[in-house]
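The residues of the chain are indexed from 1 along the displayed sequence. Since this is a predicted model, take the numbers as computed values, not measurements.
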Amino acid sequence: MKSEQKAKAVLLDMDGTLIDSNGLHAESWQRAFAQFGIDVSYETALRQIGKGGDHLLPVFVPKDKLETTGKAIEQFRKELFEREYLSQVKPFPRVRQLIERMKDAGFTIAMASSAGKEELQKYKKIANIDDLVEEETTSEDAENSKPSPDIFSAALKRVHVDAGEAISLGDTPYDAEASTKCGVRTVGVTSGGWSREDLMKAGCTEVYEDAADLLANFDRSLFGKSSS
């Protein structure tokens, strides 16, 4: 049996992977679009969470209005989320213990998130992992957000490893698509609302229910088999 390639770094998504926030983001986007006269259902918005605003907005905003209203919608949504939803965001169980296990296995820990830099700092504190993360890339470090590969490409440069020496962890097909385009192996979790089949189809090597499930099966997972 061929052994797994040794890995040196983990590239972590945040929303839906480490913190329970996808539904809150979907509701805030739905309300933001409604404020600008665009009718979007909660379910339809939820299926787009995981993309950055540069990819999400064009799905719902007509091209002729995108340039004039896109930034206003995004700013309204950002302020609404911080005002009414941020306090509701909670970490998934066993997240800190999972990251500690990854560090014990010798991995460098990096965030590869479509969130903004300021948002990510708040999320790291909510997840209680701010002292465990060594590097990070956000929407501000990439020309295009997920599912474009830019954020993962930037993360690889930050941790100074080749694509084959990293493993990403995410909860949406957009995470899998973005990291796979870079040649990074991807492990998925269904805690963000996507099915195992959706994630495997998008390129995940294996899929777990959530952080706690991955931690319980760490040694037999890609992380356990690939740790240096």
- prompt: Under the side chain to side chain contact (heavy atoms under 4.5 Å, CB included) criterion, do V59 and T44 qualify, and how do the steps go?
  reply: CA-CA 10 Å; V59 175; T44 304; 5.9 Å; no

Query - Test item: Q30 side-chain N/O and S41 main-chain N/O as donor-acceptor pair under 3.5 Å - result: no

All heavy atoms of A202 vs all of A176, minimum pair found to be O-CB, 3.7 Å

query = With the 4.5 Å side-chain cut-off for hydrophobic clustering, are L222 and I99 part of the same group?
reply = yes

Same cluster or not: L56 versus L66, using hydrophobic residues (I, L, V, M, F, W, Y) connected whenever any side-chain heavy atoms lie under 4.5 Å apart?
yes

Dump the intermediate steps for side chain to side chain contact (heavy atoms under 4.5 Å, CB included) on D131 and R96, then the final yes or no.
CA-CA 10 Å; D131 60 318; R96 182 175 176 87; 2.8 Å; yes

**OP:** Please confirm whether the backbone N or O of K117 pairs with a side-chain atom of Q121, one donor and one acceptor, at under 3.5 Å?
**Re:** yes

| request: Please report the C-alpha distance between M111 and L18 in whole Å, then the side-chain angles of each, then the deciding distance to 0.1 Å, and finally whether the side chain to side chain contact (heavy atoms under 4.5 Å, CB included) criterion is met. | output: CA-CA 11 Å; M111 298 303 309; L18 305 182; 4.2 Å; yes

*Can you check whether E177's main-chain N or O pairs, donor with acceptor, with T180's side chain at less than 3.5 Å?*
no

Any side-chain heavy-atom pair of H160 and K8 under 4.5 Å: no

Does E74 come within less than 4.0 Å of K78, counting only side-chain N to carboxylate O?
-> no

- Test log, rule side chain to side chain contact (heavy atoms under 4.5 Å, CB included), inputs L11 and S179: CA-CA 9 Å; L11 311 182; S179 59; over 6 Å; no

Review point. If Ile, Leu, Val, Met, Phe, Trp and Tyr residues are connected whenever their side-chain heavy atoms lie under 4.5 Å apart, and connections chain through other members, are V187 and V189 in the same group?
Key: yes

Note: I151 and A142 closest approach over all heavy atoms is CG1-CB, 3.5 Å

Sidechain-backbone polar pair: D210 side chain, A212 backbone, donor-acceptor under 3.5 Å:
yes

The reported gap from CG in L12 to CG in L98 (rounded to nearest 0.5 angstrom) is 7.5 Å

Next item on the list: Determine whether K71 and Q75 make a side-chain contact, defined as any pair of heavy atoms from C-beta on separated by less than 4.5 Å.
Entry: no

In terms of heavy-atom contacts, A112 and F152 come closest through CB-CE2, 3.7 Å

Residue R101 excluded, over 12 heavy atoms near CZ under 6.0 Å: yes

* To do: Report yes or no: do N144 and S148 form a side-chain donor-acceptor pair below 3.5 Å?
  => no

Q. Just wondering, do I73 and I38 contact through their side chains at under 4.5 Å, heavy atoms?
A. yes

Sequence neighbours excluded, the answer for ring pair (Phe, Tyr, Trp, His ring centres under 6.0 Å) partners of H25 is F81

So, S191 and D171: side-chain donor and acceptor under 3.5 Å apart, yes or no? no

Report task. Treat each ILVMFWY residue as a node, draw an edge where side-chain heavy atoms are under 4.5 Å apart, and state whether L199 and L169 are in one component. Result -> no

Check: Should E118 and K122 count as an ion pair when the cut-off is N to O under 4.0 Å?
Finding: yes

When every non-hydrogen atom of S28 is compared with those of L80, the smallest separation belongs to O-CD2, 3.7 Å

Here the pair of heavy atoms bringing W194 nearest to I49 is NE1-O, 4.5 Å

Parallel, tilted or perpendicular: ring planes of F223 versus F218, cut at 30 and 60 degrees: parallel

Smallest heavy-atom separation, K146 atom then G50 atom, equals CB-O, 3.7 Å

* Asked: Does a salt bridge link K125 with D130, judged by any charged N lying under 4.0 Å from a carboxylate O?
  -> yes

inquiry  = For a 4.5 angstrom cut-off between non-hydrogen side-chain atoms, does F60 reach Q48?
reply    = yes

Any donor-acceptor pair under 3.5 Å linking the side chain of R185 with the backbone of G164?
yes

Q: Indicate, with yes or no, if F107 and V184 share a hydrophobic cluster defined by side-chain heavy-atom contacts under 4.5 Å among Ile, Leu, Val, Met, Phe, Trp and Tyr.
A: no

Does any N or O in the side chain of T138 come within less than 3.5 Å of the main-chain N or O of S113, such that one atom is a donor and the other an acceptor?
-> no

Residues at least two apart in sequence or cross-chain that pass side-chain contact (heavy atoms from CB on, under 4.5 Å) with R158, listed by chain then number, are E135, T137, D141

Step through the shown structure and confirm whether more than 12 heavy atoms of other residues, nucleotides or ligands are within 6.0 Å of CG on D39.
-> no

Checklist entry - So, R83 and E79, do they make that salt bridge, N to O below 4.0 Å? => result no

Are S153 and D150 linked by a side-chain donor-acceptor pair shorter than 3.5 Å?
no

**Prompt:** How about E84 and R31: do any of their side-chain heavy atoms sit closer than 4.5 Å?
**Reply:** yes

